[in-house]
Amino acid sequence: MKPTFLLTVAFVVPLGLSILPHTPAHAQTQPNREQVLQACAGDQIRTLPMPFVDVAPDHWAYDIVLKMYYCGPVRGPLARQELQRLQTQGSQLGEIAALPDAKTLSSAQETVEIKGRQYRLETYLWRDAMPSTMIDGNPTNTVVRVVADDKQAFPASLKLDRLWLVKDDGQMWTTTLDGEAKEPAGNQIENSATNAPSWGLGTLVDVVVRLTDGENNTYFLKATEQPILHTD
């Protein structure tokens with residue numbers, strides 16, 4: 001099982017610290033996945049841009065906020081392992097590995113046209129309702145399926161490589177999907193993810209996936225207000 005790279009914008013704000021979205025006067029280059037892993041693998045977190053305007057570099061929580069925003073649990077050895085895996089794939093990462101901003105995710109459509117063909121997203125989210133020993137309860141599990149509406153064979157060059165779950169209060173969870181990727185079957189491709197946050201049963205979330213083709217083009221597809229169901 002490959003390491004999961006997590007990104008979250010939902011964390012506990014230190015007492016007395018005001019967090020506001022960063023809106024610089026000039027365009028700021030966003031780090032790609034390899035740069036993030038480089039920073040998370042060692043003591044280089046300050047090489048990444050601060051995404052929040054009210055966290056000054058001399059604030060005691062500055063480094064903590066950066067690590068929580070960019071690294072999640074993928075730090076140290078885990079980040080080094082993931083970085084090594086990426087680097088062995090060659091230089092084709094480019095922009096395909098860069099994580100999109102919230103605006104890109106929110107503008108994702110429920111159908112997308114790729115080379116004259118229409119695709120849509122189907123989802124199933126659930127949590128085990130049985131008692132759990134985990135502090136926050138059993139995690140959320142997600143199955144996603146991208147379907148070609150013309151019912152023709154799903155193109156082998158089109159890959160489903162990343163998933164986002166977004167709540168209406170701004171909380172977000174993301175993970176790579178390539179570690180569990182399945183071959184296209186008929187007119188669809190399916191994938192799954194585990195260990196998403198233990199959000200309440202019945203919570204509605206937007207599910208966004210990223211598709212990439214053989215020419216390194218990226219496409220974002222969304223299913224809005226998908227409920228988290230329960231299994232007994």
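Keep in mind that the numbers below use all heavy atoms, side chains included, and drop hydrogens, waters and symmetry copies.
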So, for [X] and [Y], which heavy atoms are closest and what is the spacing to 0.1 Å?
{"X": "P197", "Y": "T140", "value": "O-OG1, 2.6 Å"}
{"X": "K103", "Y": "S106", "value": "O-OG, 3.0 Å"}
{"X": "A193", "Y": "W173", "value": "CB-CH2, 4.1 Å"}
{"X": "A223", "Y": "T123", "value": "CB-CG2, 3.8 Å"}
{"X": "T175", "Y": "R162", "value": "O-CG, 3.4 Å"}

Kindly write out the residues that satisfy side-chain hydrogen bond (donor to acceptor under 3.5 Å, both in side chains) with [X], not counting sequence neighbours, or none if the list is empty.
{"X": "D149", "result": "R120"}
{"X": "Q44", "result": "none"}
{"X": "Y219", "result": "D213"}
{"X": "D168", "result": "none"}

Can you tell me how far [atom2] of [Y] sits from [atom1] of [X], rounded to the nearest 0.5 angstrom?
{"X": "L66", "Y": "T47", "atom1": "CG", "atom2": "OG1", "result": "9.0 Å"}
{"X": "D161", "Y": "T176", "atom1": "CG", "atom2": "OG1", "result": "8.5 Å"}
{"X": "R210", "Y": "K159", "atom1": "CZ", "atom2": "NZ", "result": "14.5 Å"}
{"X": "M172", "Y": "D206", "atom1": "CE", "atom2": "CG", "result": "12.0 Å"}
{"X": "L160", "Y": "L211", "atom1": "CG", "atom2": "CG", "result": "5.5 Å"}
{"X": "R145", "Y": "N187", "atom1": "CZ", "atom2": "CG", "result": "9.0 Å"}

Stepwise side chain to side chain contact (heavy atoms under 4.5 Å, CB included) test for V147 and Q188 = CA-CA 4 Å; V147 181; Q188 59 193 238; 4.1 Å; yes
Listed partners of F220 passing ring pair (Phe, Tyr, Trp, His ring centres under 6.0 Å), at least two apart = W164
Kindly indicate, with the supporting measurements, whether the criterion side chain to side chain contact (heavy atoms under 4.5 Å, CB included) is fulfilled by N191 and I189.
-> CA-CA 7 Å; N191 216 313; I189 188 172; over 6 Å; no
Keeping the roles fixed (side chain from [X], backbone from [Y]), state whether a donor-acceptor pair exists under 3.5 Å.
{"X": "T174", "Y": "L163", "result": "yes"}
{"X": "T203", "Y": "W199", "result": "no"}
{"X": "R117", "Y": "A148", "result": "no"}

Cluster membership besides Y124, Ile/Leu/Val/Met/Phe/Trp/Tyr side chains within less than 4.5 angstrom, sorted by chain and number, is W126, V143, L229
Inspect the contact between K222 and E110 and indicate whether a charged nitrogen and a carboxylate oxygen are less than 4.0 angstrom apart.
-> no
State whether D169 and K167 are salt-bridged, where the test is any N-O pair (Lys NZ or Arg NE/NH1/NH2 against Asp/Glu carboxylate O) under 4.0 Å.
-> yes
For the pair L158 and I114, evaluate side chain to side chain contact (heavy atoms under 4.5 Å, CB included) and give the outcome as yes or no after the intermediate values.
-> CA-CA 10 Å; L158 201 56; I114 304 174; 3.9 Å; yes
With a 4.5 Å cut-off on side-chain heavy atoms, are [Y] and [X] touching?
{"X": "I228", "Y": "R127", "answer": "yes"}
{"X": "R46", "Y": "P57", "answer": "yes"}
{"X": "V208", "Y": "L221", "answer": "no"}
{"X": "V205", "Y": "V166", "answer": "no"}
{"X": "Q118", "Y": "V112", "answer": "no"}

For V146 and L121, what are the C-alpha separation, side-chain angles and deciding distance, and is it a side chain to side chain contact (heavy atoms under 4.5 Å, CB included)?
-> CA-CA 5 Å; V146 177; L121 177 63; 4.1 Å; yes
